[in-house]
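Shown next, in structure tokens, is the structure this report addresses.
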Amino acid sequence: QASHVQQASHVQQASHVQQASHVQQASHVQQPSKQAMPSHGGWADKPEAGAPKAPQKVAVTTVQHVRLNAVTTPALTSTTEPAAAKENAPKLDKSGMPEWERRVKSTDKWILVGTIHDPTEPIATMAAQPGWTLCVVGDVKTPKNWSMPQENIVYLSVERQAELGFKIHDKMPFGIYGRKNMGYMFAIKHGAKVIYDTDDDNELIVDGLADAFILDPSAKLDAKSMLIYKPRSVQKESQRPLVNPYAHFGQPNFWPRGLPLSCLLPQYMDTLDYTQSLTGPGTSVRPLVQQGLANGDPDIDAVYRLTRKRSGNKIDLTFDTEAPGVTLPPGILAPFNAQNTLFHYDSFWGLMLSVTTTFRVTDIWRSYWMQRILWDIGGTLSFQIPSVYQDRNEHNYFYDFVEEFRLYNNTAGLTKFLIEWDAPRGDIYVRMQAVADELYQRGYWLKGDADLMKAWIDDLKAIGYVPPRIVPRADAFSNLFGKKVEYIPRSLPTTFADTRSV
């Protein structure tokens, strides 16, 4: 077996499929056998030896797209806490902190990376972003002497994580992707207003993150008009309201990891229209979470790789860099990952990664439950142009398939539950804990994640995070849709290295 599938000895084997006998499993959740599943999901597709090479920037031919006309919409009452509330949050008390933490400068823009490798060129590129602090989260396999000379890099070793005093620390094993939770909480504690979540093998292909992402969701963006999907009435039960965002950026024959395979049926591709939407004052579009796409070998699932990828050839995909961003209205879902995603302050509550699911499931489950609660605060998810090139390391695709078993088997049931979920009355913390408990009771994760959610909420309160208010959906999205526009996405070639385009 490759070294990257050898799990730390203290992690209980197949813990993510051991269900408590007293939990009644929902009928729509088909449970896998223990023999069918791997051990606890860690850094499954990250070989220990060798850092990924720095790829070249990918050139994309510019084409003329439909011209979007401005839309005027009436003013909207703010759906967040007043700015003064965040400004008046408790000042960071550095007494009692370890010496190394007291030296950390509080800044508002953070990049978050987890690694078990030596420093990579992509990490050095990210550290060179002006005005950003880079937080690197280590694990038991990370080299003991990991260090980089840049002053804006904070390295959270296993030893340093234990010194932070976060309740979530004792709720998480080692050898898992969810160790990133320590970095999220640390960045929030030290003043983050924006967090860019990425991986150590993603090479930036934009000069700055502002070239691909909306760093101020409250600003009016006249030059960066954004489209929004407008669902038509869906009559058939089989047509769940999920979409494939890759089609919007010119690659309809690919789909992101976590999209139910049933969504690839032809009828799924004909349930959406476009309307124009501008962010800024007077609109309802607040892209609090923004998924950037990745050129090269993007985040697709193992079914695609096992059935469509030619053996011995690498996928070298290019998405449309000229396409406008697209946002999803409430009631429409799409998976997003933890590899190239920007989060704004009012979405930080939803950063928690589960620790009882596999590596290939944890960020997808987060993407779905987080979107559901985003609707309750007037937030939206958007997809943005490609901003990184991923030269993915070689790894075992069949092992990925086994790690992704729940994505194929349970995602349709999970999304149906979330769309129909009647959230309890109360603030956002009440809803977060309620959905965590429901996911446990329905068998999507184990009790450890429901317990982790409680610790996560306790830590957010302890560090002074100011959560957004719950807003009636009719008020929050009253001005969501603008003028209907006809937008026909380009269809770009699917390219494999050393082969013709297909």
Side-chain angles (χ1 to χ4, degrees), residues 4-5 7-8 10-20 23 25-26 28-46 114 137 139 168 171-182 184 197 199 256-260 299 301-303 333 335-339 341 350-373 399-418 432-433 435-456:
H4 61 273
V5 302
Q7 302 300 322
H10 65 280
V11 177
Q12 187 171 352
Q13 296 300 305
S15 62
H16 57 280
V17 298
Q18 297 172 1
Q19 302 296 328
V23 177
Q25 300 298 326
H28 64 274
V29 180
Q30 179 181 346
Q31 298 301 319
S33 66
K34 293 181 181 179
Q35 290 79 9
M37 297 297 293
S39 57
H40 195 290
W43 301 84
D45 61 354
K46 306 287 186 181
V137 182
D139 208 330
I168 59 173
K171 302 294 183 181
M172 299 187 297
F174 293 101
I176 62 166
Y177 194 75
R179 297 305 302 183
K180 271 187 164 185
N181 289 334
M182 296 296 295
Y184 301 142
D197 198 8
D199 277 348
R257 173 173 55 94
L259 187 73
D299 189 24
D301 64 28
V303 166
L333 295 168
F336 65 85
N337 59 35
Q339 299 176 15
T341 308
L351 282 167
M352 190 200 86
L353 291 166
S354 56
V355 298
T356 68
T357 55
T358 67
F359 165 71
R360 304 288 292 174
V361 171
T362 179
D363 56 344
I364 303 302
W365 266 199
R366 175 180 75 174
S367 76
Y368 283 129
W369 71 258
M370 185 181 187
Q371 283 177 79
R372 171 58 188 83
I373 299 181
Y399 181 83
D400 284 353
F401 173 80
V402 177
E403 283 252 305
E404 294 170 4
F405 181 87
R406 284 180 175 268
L407 297 182
Y408 310 126
N409 203 43
N410 300 152
T411 301
L414 173 64
T415 54
K416 182 177 187 296
F417 156 68
L418 289 171
M432 289 164 60
Q433 191 62 60
V435 80
D437 292 341
E438 283 274 9
L439 294 188
Y440 162 52
Q441 295 293 336
R442 293 170 179 266
Y444 293 109
W445 59 31
L446 300 185
K447 187 176 184 297
D449 282 317
D451 294 341
L452 177 63
M453 181 67 79
K454 183 179 185 306
W456 174 264

_Does any part of the side chain of Arg372, heavy atoms only, come nearer than 4.5 Å to the side chain of Val435, both counted from C-beta?_
no
_Non-neighbouring partners of Lys171 that pass salt bridge (Lys or Arg N to Asp or Glu O under 4.0 Å), sequence neighbours left out_ = none
*asked:* Rounded to the nearest 0.5 Å, what separates atom OG1 in Thr341 from atom CZ in Phe336?
replied: 6.5 Å
*Can you measure from CG (Asp437) to NZ (Lys454) and round to the nearest 0.5 angstrom?*
11.0 Å
*To the nearest 0.5 Å, tell me how far Phe359 CZ sits from Glu404 CD.*
10.0 Å
_Glu403 and its side-chain contact (heavy atoms from CB on, under 4.5 Å) partner, picked from Tyr399, Phe401, Phe405_ = Tyr399
*For Asp449, check salt bridge (Lys or Arg N to Asp or Glu O under 4.0 Å) against everything at least two apart and list the hits.*
none
*Would you say Val355 and Pro173 make side-chain contact, with heavy atoms under 4.5 Å?*
yes
_Testing the basics here: between Ala412 and Pro260, what is the closest heavy-atom pair and its distance to 0.1 Å?_
N-CG, 4.3 Å
*Mind running side-chain contact (heavy atoms from CB on, under 4.5 Å) on Lys180 and Asp199 for me, showing each step along the way?*
CA-CA 11 Å; Lys180 271 187 164 185; Asp199 277 348; 3.6 Å; yes
*Would you indicate whether the side-chain heavy atoms of Thr356 and Tyr440 approach each other to under 4.5 Å?*
no
*Check the pair Asp363 / Leu353 against side-chain contact (heavy atoms from CB on, under 4.5 Å), numbers first and verdict last.*
CA-CA 6 Å; Asp363 56 344; Leu353 291 166; 3.9 Å; yes
*Residues in side-chain hydrogen bond (donor to acceptor under 3.5 Å, both in side chains) contact with Asp451, at least two apart in sequence or another chain*: Lys447
*For Asn181, check side-chain hydrogen bond (donor to acceptor under 3.5 Å, both in side chains) against everything at least two apart and list the hits.*
none
*Tyr368 and Gly258: which non-hydrogen atoms are nearest, and at how many Å?*
OH-O, 2.8 Å
_Side chains of Trp365 and Thr411, heavy atoms from C-beta outward: is any pair under 4.5 Å?_
yes
*Measure the shortest side-chain to side-chain distance between Leu414 and Leu439 over non-hydrogen atoms and say whether it is less than 4.5 angstrom.*
yes
_Gap separating the CZ atom of Arg257 from the OH atom of Tyr408, nearest 0.5 angstrom_ = 9.5 Å
_Residue pair Ala455 / Ile168: nearest heavy atoms and the distance that separates them_ = C-CG2, 3.8 Å
*Does the side chain of Arg360 come within less than 4.5 Å of Asp299's, by heavy atoms?*
yes
*So do the side chains of Leu407 and Asp301 get within less than 4.5 Å of each other, counting heavy atoms only?*
no
_If I take atom CG from residue Asn410 and atom OG1 from residue Thr415, how far apart are they, to the nearest 0.5 angstrom?_
10.5 Å
*Report yes if some heavy atom in the side chain of Val361 is under 4.5 Å from a heavy atom in the side chain of Tyr444; otherwise report no.*
no
*Hey, could you give me the CE/CD1 distance between Met432 and Ile373, rounded to the nearest 0.5 Å?*
6.5 Å
*Residues in side-chain hydrogen bond (donor to acceptor under 3.5 Å, both in side chains) with Tyr184, at least two apart?*
Asp197, Arg366
*Go through the structure and list residues passing side-chain hydrogen bond (donor to acceptor under 3.5 Å, both in side chains) with Ser367, not counting sequence neighbours.*
none
